[in-house]
Amino acid sequence: MVSRITTDSFRSQHHHSNPLPTSPVPNYNRRKEKVYLQGEVYAVREILNPEKYELNRTGLQMLSSLYKHLPAIRVQYSTISPQVMDIVQKLKRDITRRGVTDDPWDLARKWAKPRSLLPESAPGLGDVLAALSTAPITAADIGYRGTQLKVSLRLKGGQIVVFKPLRYSRDELIEGIYSGFDRHNGEIAAFHLSRLLDLRMVPLTTGRSVSLKRQILPVSTWRLSKTFIQGRAGQMCLYGVCHYCRKNESVCENFHSLEGSVIMWLPKKLRLLEEPHPWRRTYVKNKFAKWEKNESYCERVIHSNQAPRLLHLVDAAVFDFLMQNGDRHHYARVAGANDSPVVLIDNGKSFGDADVDHMDVLAPLLQCCRLHQTTYERLVLLSGGGMSQAMKELLALDPIAPVLAEAHLRAMDRRVIHILAALNACRERKGGWHNVLF
Ligand SMILES: Nc1ncnc2c1ncn2[C@@H]1O[C@H](COP(=O)(O)OP(=O)(O)OP(=O)(O)O)[C@@H](O)[C@H]1O
Ligand SMILES: [Mn+2]
């Protein structure tokens, strides 16, 4: 469903190894012009003339109203709320290893419920994360389904996890909303972001470095071990088994270890259902989906069998917009209830380009103009720089910190403001907050 990185030369041309400049004056360099000319709805940071955008996709007219509100919103939410640090302190206390439990897998299994994978206050979470990043690996196999390279690991005590390997440096530029390989660090950031937004539907995730040679190969199944090869410098490499797995696109150890993220497998008691996302992309350039052309598309969803999940889909859109994940082609939920939240698995197609906001990821919010009040309140709380500050503090505790480059943290602050501007446009359109927040 997702493409590999486009093979244009821009990958090397536009590779930047320094954080992006913070200058408010836009630098209309070639890359940005190219972005505009693609005819998709992009907004480059600190744009001066948003009206000049040609919005090819008539389904996203609300964007002009969003941009109308943006300057005032930027002023209104320009300082950090003092409450941010209270929340961050609580979240940090939970992710600190404290020896609360000696059976971390059991604790995590008990936490996992259809409506939240962990409690709001989760003493022992630090122990579970520490176990995920240190427990001995007892078995390794090819990843379960999907297009991306991953390895399925069994950790001592029987816990299954997904290992997604590092494929890019922190500041590598990946253009295109669903281009490239999965970003292992995006999975980690997603976990912490979900707790910050109080959308606790991301499986427990942490960074971990492994030795392919000493820790994975000796416990690998035959079908996985067949995909181990030696790199040019004699280092150990792996290409795995998946739709896009290629021998010439293997991942290799760097100084005898391979960094990645470890994502906890959900317990069997939670049976996942997967449905096509109503706002999914066509994955065909210049072929628009219905939602891209029809401003009233939300009405269709409201009259479909997906209606009970609408507000959860909008929450997921907010979450995805902040990380710039535009690849939620299907969405998962736990079987049982009709109105259970989206299980936010597969967050690796995120944090590709800190300089660009693909506004269409917000389409469910722009077109439905509804949001959970709780999510709105969190966004207000995290505005004015609180988001980047909070994420930075939480991610600093991860074994593979720094998880995100500064430019990506700053981009999240900018995106919070854009969401708040969208909500103010919605308030205007729908005649008051009571018609927007639920
Ligand atoms: N932590 C998890 N717990 C339970 N099931 C999971 C978990 N992670 C992934 N899965 C299952 O495995 C499938 C593939 O995982 P994932 O979506 O991360 O792979 P992918 O290669 O990115 O797939 P795609 O290319 O289709 O996006 C998911 O659709 C889901 O059914
Ligand atoms: Mn994916």
Side-chain angles (χ1 to χ4, degrees), residues 1-5 105 108-109 111-114 116-118 128-129 131-133 141-155 158-168 174 176-191 194 200-208 224 227 238-246 249 251 260-277 279-283 316 319-320 323-336 340-352 361:
M1 190 55 92
V2 285
S3 65
R4 280 172 292 141
I5 191 150
W105 309 147
R109 193 161 43 237
W111 277 343
K113 308 249 160 50
S116 65
L117 300 181
L118 68 166
V128 184
L129 295 178
L132 287 172
S133 66
D141 197 359
I142 60 173
Y144 170 77
R145 277 193 359 211
T147 63
Q148 301 290 306
L149 170 57
K150 50 184 120 46
V151 177
S152 181
L153 301 177
R154 181 188 294 271
L155 303 181
Q159 180 63 48
I160 303 292
V161 299
V162 184
F163 180 80
K164 292 198 177 183
L166 170 150
R167 310 226 57 163
Y168 302 106
I174 300 120
I177 187 72
Y178 53 81
S179 303
F181 300 114
D182 274 8
R183 275 71 84 175
H184 72 304
N185 57 330
E187 299 279 4
I188 303 166
F191 172 64
S194 75
R200 286 168 275 115
M201 295 305 292
V202 176
L204 276 48
T205 303
T206 179
R208 176 167 187 166
L224 178 65
T227 74
L238 159 89
Y239 60 91
V241 179
C242 69
H243 186 76
Y244 284 134
C245 288
R246 303 278 181 274
E249 289 182 336
V251 287
S261 56
V262 168
I263 307 160
M264 200 167 197
W265 200 257
L266 296 175
K268 285 204 191 75
K269 67 174 180 185
L270 301 185
R271 193 167 61 82
L272 294 188
L273 298 177
E274 274 171 48
E275 317 216 15
H277 197 298
W279 278 272
R280 69 188 169 279
R281 291 164 193 280
T282 62
Y283 294 88
F319 173 76
D320 285 336
M323 314 190 284
Q324 290 287 286
N325 169 24
D327 196 30
R328 205 169 290 287
H329 42 83
H330 288 72
Y331 73 96
R333 66 189 168 97
V334 178
S340 47
V342 177
V343 180
L344 299 164
I345 44 177
D346 192 13
N347 305 305
K349 286 280 163 47
S350 50
F351 299 105
V361 181

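Residues take their numbers from the sequence shown, with the count starting at 1. Whatever order the structure lists ligands and atoms in, that order sets their numbers, starting from 1. Both backbone and side-chain heavy atoms feed into the values below; hydrogens, waters and symmetry mates do not.
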*Asks:* May I ask whether His330 has any heavy atom positioned less than 4.0 angstrom from an atom of ligand 1?
*Replies:* no
*Asks:* The test is salt bridge (charged side-chain N to carboxylate O under 4.0 Å, His left out); show your working for Asp320 and Lys349 and say whether it passes.
*Replies:* CA-CA 10 Å; Asp320 285 336; Lys349 286 280 163 47; over 6 Å; no
*Asks:* Phe319: which residues meet the ring pair (Phe, Tyr, Trp, His ring centres under 6.0 Å) condition with it, sequence neighbours left out?
*Replies:* none
*Asks:* Where does Glu187 meet ligand 1, judged by heavy-atom distances below 4.0 Å: at the side chain, the backbone, both, or neither?
*Replies:* neither
*Asks:* Nearest heavy-atom pair of Val361 and Gly326: which atoms, and what distance?
*Replies:* CG2-CA, 4.2 Å
*Asks:* Restricting to N, O or S atoms of Asp346, which is nearest to the Mn ion (ligand 2)?
*Replies:* OD2
*Asks:* As an exercise, identify every atom of ligand 1 less than 4.0 angstrom from a heavy atom of Asp346.
*Replies:* 16 (P), 17 (O), 18 (O), 20 (P), 22 (O), 23 (O), 24 (P), 27 (O)
*Asks:* To check you understand the geometry: which heavy-atom pair defines the closest contact between Val251 and Leu166, and what is its length?
*Replies:* CG1-O, 3.8 Å
*Asks:* For ligand 1, indicate whether the residue Leu266 contacts it via side chain, backbone, both or neither (heavy-atom separation under 4.0 Å).
*Replies:* both
*Asks:* Can you tell me if Lys269 uses its side chain to pair, donor with acceptor, with the backbone of Arg109 under 3.5 Å?
*Replies:* yes
*Asks:* Regarding Glu187 and Lys150, does a basic nitrogen lie under 4.0 Å from an acidic carboxylate oxygen?
*Replies:* no
*Asks:* Counting only heavy atoms, tell me which of Arg328, Lys164, Lys349, Glu274 gets closest to atom 29 (O) of ligand 1.
*Replies:* Glu274
*Asks:* Could you tell me which atoms of ligand 1, counted from 1 in the order shown, lie closer than 4.0 angstrom to a heavy atom of Arg145?
*Replies:* 29 (O), 31 (O)
*Asks:* What's the shortest heavy-atom distance between Leu117 and Val202, and which atoms?
*Replies:* CD1-C, 3.6 Å
*Asks:* Could you list which atoms of ligand 1 come closer than 4.0 Å to a heavy atom of Asp182?
*Replies:* 22 (O)
*Asks:* Give a yes-or-no answer on whether the side chains of Asn347 and Arg183 include a donor-acceptor pair shorter than 3.5 Å.
*Replies:* no
*Asks:* Hey, which atoms in ligand 1 end up nearer than 4.0 Å to a heavy atom of Thr147?
*Replies:* 20 (P), 21 (O), 23 (O), 24 (P), 25 (O)
*Asks:* For ligand 1 and Asp327, I'd like to know whether there is a polar contact (N/O to N/O, distance under 3.5 Å).
*Replies:* no
*Asks:* Using heavy-atom distances only, which candidate in Lys268, Met264, Lys150 approaches atom 15 (O) of ligand 1 most closely?
*Replies:* Lys150
*Asks:* Any non-hydrogen atom of His329 lying under 4.0 Å from ligand 1?
*Replies:* yes
